[in-house]
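Order of the sequence lines sets the chain letters (A, B, ...), proteins ahead of strands, with each chain counted from 1.
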Number of protein chains: 2
Amino acid sequence: MGRWQPNARGRLAEAALALYSERGYEQTTVAEIAGRAGLTERTFFRHYADKREVLFDGSGALQELFVDAVTGAPRSAAPIDALAAGLAAICPMFADRREHARRRQAVVMANPELLERELIKLASLSATLADALRRRGVAEPAASLTAEAGVAVFKVGFERWTAAGEERELSQVLQESLTAFRAVAAGGRADSAPRTGPAAP
Amino acid sequence: MGRWQPNARGRLAEAALALYSERGYEQTTVAEIAGRAGLTERTFFRHYADKREVLFDGSGALQELFVDAVTGAPRSAAPIDALAAGLAAICPMFADRREHARRRQAVVMANPELLERELIKLASLSATLADALRRRGVAEPAASLTAEAGVAVFKVGFERWTAAGEERELSQVLQESLTAFRAVAAGGRADSAPRTGPAAP
DNA sequence: CATGCGATGTCAGGCACTGCCATCACGTAG
DNA sequence: CTACGTGATGGCAGTGCCTGACATCGCATG
């Protein structure tokens with residue numbers, strides 16, 4: 001047996017989520033997280049850059065899956081359809097993890113500092129997606145706008161999935177969000193009433 | 001004459017932008033900002049909640065302008081057109097302020113902590129816009145997605161405006177971004193080539 | 001056994017931010 | 001004119017996040 005217990009990183013992440021849930025993010029000190037994981041504060045900061053990052057371990061893998069799927073979509077696919085392929089690719093990552101996602105989502109939404117970190121992760125995803133789209137030949141500002149749209153669909157869909165019942169699959173909710181988005185952008189009223197005239201900025 | 005120099009808040013904001021530009025955000029201490037404004041560190045924190053907030057004084061007014069215009073759009077206007085009215089309403093706020101916007105933009109983009117704050121301000125704007133749209137009768141998830149789209153158009157357009165020459169007006173750039181966005185969401189290739197088949201998530 | 005290496009611990013310190021109390025000019029009641 | 005309340009500020013101590021420098025310890029390799 002080694003000198004140290006295995007998986008220190010994972011133990012820190014577990015301890016942090018548990019303590020943030022139990023007593024709140026601000027009321028939890030890094031020393032307490034480290035202590036619960038059987039480590040010291042200094043070691044916590046060797047594994048995670050700061051007190052927030054400990055909740056965002058999987059964001060790199062998510063971004064990689066999403067972007068690779070967009071890059072690998074058929075050359076004939078329109079930008080919005082390449083995005084759809086990316087959304088489909090990340091769904092397996094959350095299979096059997098809805099309960100974990102719910103707990104994490106509750107903690108993040110309850111703390112502005114954590115929400116800020118979540119948002120910059122999504123912005124990083126958006127920037128990388130825009131880059132992938134440009135390599136597919138999409139011009140600006142269409143590439144950036146498409147990427148932002150994809151992230152918006154993911155964000156809204158993911159939130160609805162965590163709030164939904166067990167019978168609704170993530171892939172299904174994301175597909176619905178994408179469909180609703182297409183309708184809105186096309187100028188639909190989204191409330192079954194007829195429309196009349198547009199306005200210009 | 002009063003005991004204190006007037007406009008302490010504004011002096012702090014000016015000093016902060018100047019120091020963040022000159023020597024960088026991380027290399028600037030709050031005590032230095034306060035000193036440059038002829039005040040103390042303690043007083044800085046009475047005017048601004050933290051070291052980042054000092055760069056976001058106008059965000060409340062921006063949000064108010066945007067949301068009020070969406071709320072006040074004709075009942076007959078589709079959601080996306082109400083958004084266009086909001087985008088038009090905020091343009092005067094930046095008249096003759098492009099140079100200030102450029103300096104601030106450069107500082108914010110160069111520092112992840114400041115970018116996080118910028119993103120949460122935009123998220124707050126998005127949430128308030130979604131609320132305004134729901135009050136107009138727009139259902140979910142269309143309301144949230146439309147709001148996210150509006151913020152995306154503003155973000156992308158604003159960045160392009162700060163990077164553009166003096167002859168391009170903000171209202172013009174925002175209108176172009178909105179048009180590009182509509183095209184992308186409709187499934188356009190955005191690169192003048194014909195499209196073939198879509199994909200589903 | 002000697003040596004290097006990797007993960008951890010220990011310690012000192014800077015800086016962001018907060019709570020508490022003091023200060024001081026100004027306005028106003030008496 | 002004096003006394004008192006008020007609002008913006010200063011001073012100071014304290015907590016917690018985060019970092020740099022150095023020490024420790026088990027393991028692998030020679």
Distances under 3.5 Å between nitrogen or oxygen atoms of protein and nucleotides 20-23 of chain C:
none

Atom pairs, protein N/O to nucleotides 13-16 of chain D N/O, distance under 3.5 Å:
none

*asked:* Going by the rule side chain to side chain donor-acceptor pair (under 3.5 Å), which residues pair with B:Ser21 if we only count those two or more places apart in sequence or in a different chain?
replied: none
*According to a strict under-4.0 Å criterion, is A:Thr40 in side-chain N/O contact with OP1 or OP2 of C:dT8?*
no
_Strictly distance-based, threshold 3.5 Å: is any side-chain N or O of A:Arg160 a donor or acceptor partner for the main-chain N or O of A:Leu170?_
no
*Could you state the atom-to-atom distance from CZ of A:Phe44 to C1' of D:dT19 in whole Å?*
14 Å
*Within the structure shown, what part of the strands sits under 4.0 Å from B:Ala31 by heavy-atom distance: base, sugar-phosphate, or nothing?*
nothing
*Just how far, in rounded Å, is P of C:dC15 from CG of B:Leu19?*
14 Å
_Against the six-membered ring of B:Phe44, is B:Arg9 placed for a cation-pi contact (under 6.0 Å from the centre, within 45° of the normal)?_
no
*Take the protein atom CD of B:Glu32 and the nucleotide atom C1' of C:dG14, then report the distance between them rounded to whole Å.*
13 Å
*Under 4.0 Å between any heavy atoms, over every strand shown, what does A:Ala8 touch: base, sugar-phosphate, or nothing? Just pick one.*
sugar-phosphate
_Donor-acceptor check, side chain of B:Arg11 to backbone of B:Pro6, threshold 3.5 angstrom: yes or no?_
yes
*Please report, rounded to the nearest Å, how far the C1' atom of D:dG7 is from the CG atom of B:Leu39.*
15 Å
*How would you list, by chain and number, every residue that makes a side chain to side chain donor-acceptor pair (under 3.5 Å) with A:Arg102, sequence neighbours excluded?*
A:Glu99, A:Glu166
*Residues forming a side chain to side chain donor-acceptor pair (under 3.5 Å) with A:Thr128, sequence neighbours excluded*: A:Gln63
_Check ion pair A:Arg136-A:Asp81 (N to O, under 4.0 angstrom)_ = no
*Roughly, in whole Å, what's the span from CD in B:Glu26 to C1' in D:dG20?*
15 Å
*Six-ring centre of B:Tyr25, B:Arg52 cation under 6.0 angstrom, axis tolerance 45°*: no
_Spacing of B:Phe45 atom CZ relative to D:dC12 atom C1', expressed in whole Å_ = 15 Å
*What's the shortest heavy-atom distance between B:Leu129 and B:Val151, and which atoms?*
CD1-CG2, 4.1 Å
*Please list, chain by chain and in numerical order, all residues satisfying side chain to side chain contact (heavy atoms under 4.5 Å, CB included) with B:Arg36, sequence neighbours excluded.*
B:Ala15, B:Ala18, B:Leu19, B:Glu22
*Listed in order of residue number, which residues of residues 108-116 of chain B have a non-hydrogen atom at under 4.0 Å from DNA chain C?*
none
*Over how many whole Å does the gap from A:Asp50 atom CG to C:dC15 atom C1' extend?*
15 Å
*Check whether any side-chain N or O of A:His47 sits under 4.0 Å from OP1 or OP2 of C:dT8, and answer yes or no.*
yes
*Residues in ring pair (Phe, Tyr, Trp, His ring centres under 6.0 Å) contact with B:Phe56, at least two apart in sequence or another chain*: none
*Kindly calculate the angle separating the two end axes of the helix from C:dC1-D:dG30 to C:dG30-D:dC1, each obtained from five base pairs, and round it to 10 degrees.*
10°
*Go through the structure and list residues passing salt bridge (Lys or Arg N to Asp or Glu O under 4.0 Å) with A:Glu53, not counting sequence neighbours.*
A:Arg117, A:Lys121
*Under the side chain to side chain contact (heavy atoms under 4.5 Å, CB included) test, residues paired with A:Asp68 that sit two or more places apart*: A:Glu64
*Could I get the full list of ring pair (Phe, Tyr, Trp, His ring centres under 6.0 Å) partners for B:Phe94, not counting sequence neighbours?*
B:Phe158
*Within this structure, what is the CD-to-C1' distance between B:Gln5 and C:dA25, rounded to whole angstrom?*
14 Å
